[in-house]
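Below you'll find the structure, written out as structure tokens, and then a few comments.
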Amino acid sequence: MTTQQLHEQILQKKSFLCVGLDPDLDKIPSHLLETEDPIFEFNKAIIDATHDLTVGYKPNTAFFEAYGIKGWISLQKTINYINENFPEIFTIADAKRGDIGNTSSMYAKAFFEDLNFDSVTVAPYMGKDSVEPFLAFENKHTIMLALTSNEGAFDFQTLTANGKELYKQVLETSKTWKNSHNLMYVVGATKAEYFAEIRKIVPDSFLLVPGIGAQGGSLSEVCKYGMNDNVGLLVNSARAIIYASKGNDFAEKAREEALSVQQEMEEILSSMFQV
Ligand SMILES: O=C(O)c1cc(=O)[nH]c(=O)n1[C@@H]1O[C@H](COP(=O)(O)O)[C@@H](O)[C@H]1O
């Protein structure tokens, strides 16, 4: 998928919501545990209930890998279900990969070719040759961690070296890499006050913004400082939507939560872009 197609979908759905699919057998409704593949059934119900309100789905692979081979099968069924039924939706494998070049090439193949995701999250710590193998895939997107939503972001990412914070160096340096037009960046919603500075360095890039909902980030603050002329934001929420209810009505309640975020997004879009 191209970023232009993603942008068109945002305008059409009046939404830049990405629903995080972080399925946890301890949290999903108990009646699903009797099915053959509870994780897939849970995801499928959430997808069916929210696909018209969201432009992206982000399965976090940890929540699948935790269940071994069964989890990988559930992940494959989930991505196939989205690609077959809702091919317009942008998909993110949240795997936070990155390794020496030949290993990164294999990670890229796994997520872009075998599983056919549109994008994958990557850690920048190992530098250029660990990220460029992902960037080599055209119309696939590499979403690199810049300033993360967690408290530990302050351990390294905001430290200053050579007069500049590390996250700013990550943003600036990565722009010089081969095929950097395939880059997007993760910036946590809990760090809204940093968005203006980040936009000075990457004015045109899409930013994946996790941290509204369960982590307490503010959507309006993120939009105020982080939106660009093409919207340029994908705002993720997982737990607040997918675990809105533990009962038989979980999908209905997930839709209500997603709808309330989408409506807030629609208001913001109409005030900023008259859509
Ligand atoms: O890369 C991510 O998606 C990510 C980066 C980050 O800085 N913070 C962050 O929370 N995430 C992921 O985004 C999701 C947030 O989930 P909720 O807090 O339940 O909405 C989880 O899958 C996290 O692993």
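The structure presented is a predicted model; accordingly, all values stated were derived computationally and were not measured. We count ligands from 1, going down the list as the structure has it; atoms in each ligand are counted the same way.
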What protein heavy atom lies closest to [atom]? Include the residue and the distance to one decimal.
{"atom": "atom 10 (O) of ligand 1", "value": "Gln215 NE2, 2.8 Å"}
{"atom": "atom 24 (O) of ligand 1", "value": "Asn60 ND2, 3.0 Å"}
{"atom": "atom 21 (C) of ligand 1", "value": "Asp22 OD2, 3.3 Å"}
{"atom": "atom 20 (O) of ligand 1", "value": "Ala238 N, 2.9 Å"}

- Message: Below 4.0 Å, non-hydrogen atoms only: which portion of Thr148 touches ligand 1? Side chain, backbone, both or neither.
- Response: both

- What do we get for Ser149 next to ligand 1 when only non-hydrogen atoms under 4.0 Å count, side chain, backbone, both or neither? both

Distance under 4.0 Å to a non-hydrogen atom of [X]: what atoms of ligand 1 satisfy this?
{"X": "Asn236", "result": "13 (O), 14 (C), 15 (C)"}
{"X": "Arg239", "result": "17 (P), 18 (O), 19 (O), 20 (O)"}
{"X": "Ser237", "result": "20 (O)"}

- Mutual orientation of the aromatic rings belonging to Tyr194 and Tyr167 [parallel < 30°, tilted 30-60°, perpendicular > 60°]: perpendicular

- Message: Keeping Gln262 on the side-chain end and Lys14 on the backbone end, is there a donor-acceptor pair under 3.5 Å?
- Response: yes

- Query: Is a side-chain N or O of Asn182 found less than 3.5 angstrom from the main chain of Leu135, in a donor-acceptor match?
  - Reply: yes

- Query: Between Tyr243 and Phe42, does the ring centre distance come in under 6.0 Å?
  - Reply: yes

- Message: Which heavy atom of Val170 sits nearest to which heavy atom of Leu145, and what is that distance?
- Response: CG1-O, 3.9 Å

Within-cut-off N or O pair, [X] and ligand 1, under 3.5 Å:
{"X": "Lys58", "value": "yes"}
{"X": "Asn150", "value": "no"}
{"X": "Phe63", "value": "no"}

- Note on the structure: salt bridge (charged side-chain N to carboxylate O under 4.0 Å, His left out) filter on Glu252, not counting sequence neighbours, yields none

- Check whether Ile212 and Met272 end up in the same hydrophobic cluster, where Ile, Leu, Val, Met, Phe, Trp and Tyr are linked by side-chain heavy atoms less than 4.5 Å apart. yes

- Item | Salt-bridge criterion met for Glu172 and Lys164 (N-O under 4.0 Å) | yes

Could you give the side-chain donor-acceptor pairs of residues 83-90 under 3.5 Å, partners two or more places apart or in another chain?
unit_1	atom_1	unit_2	atom_2	d
Asn83	ND2	Asn116	O	3.0
Asn85	ND2	Tyr81	O	2.8

- Of the choices Pro210, Ala95, Ala123, which has the non-hydrogen atom that lies closest to atom 4 (C) of ligand 1? Pro210

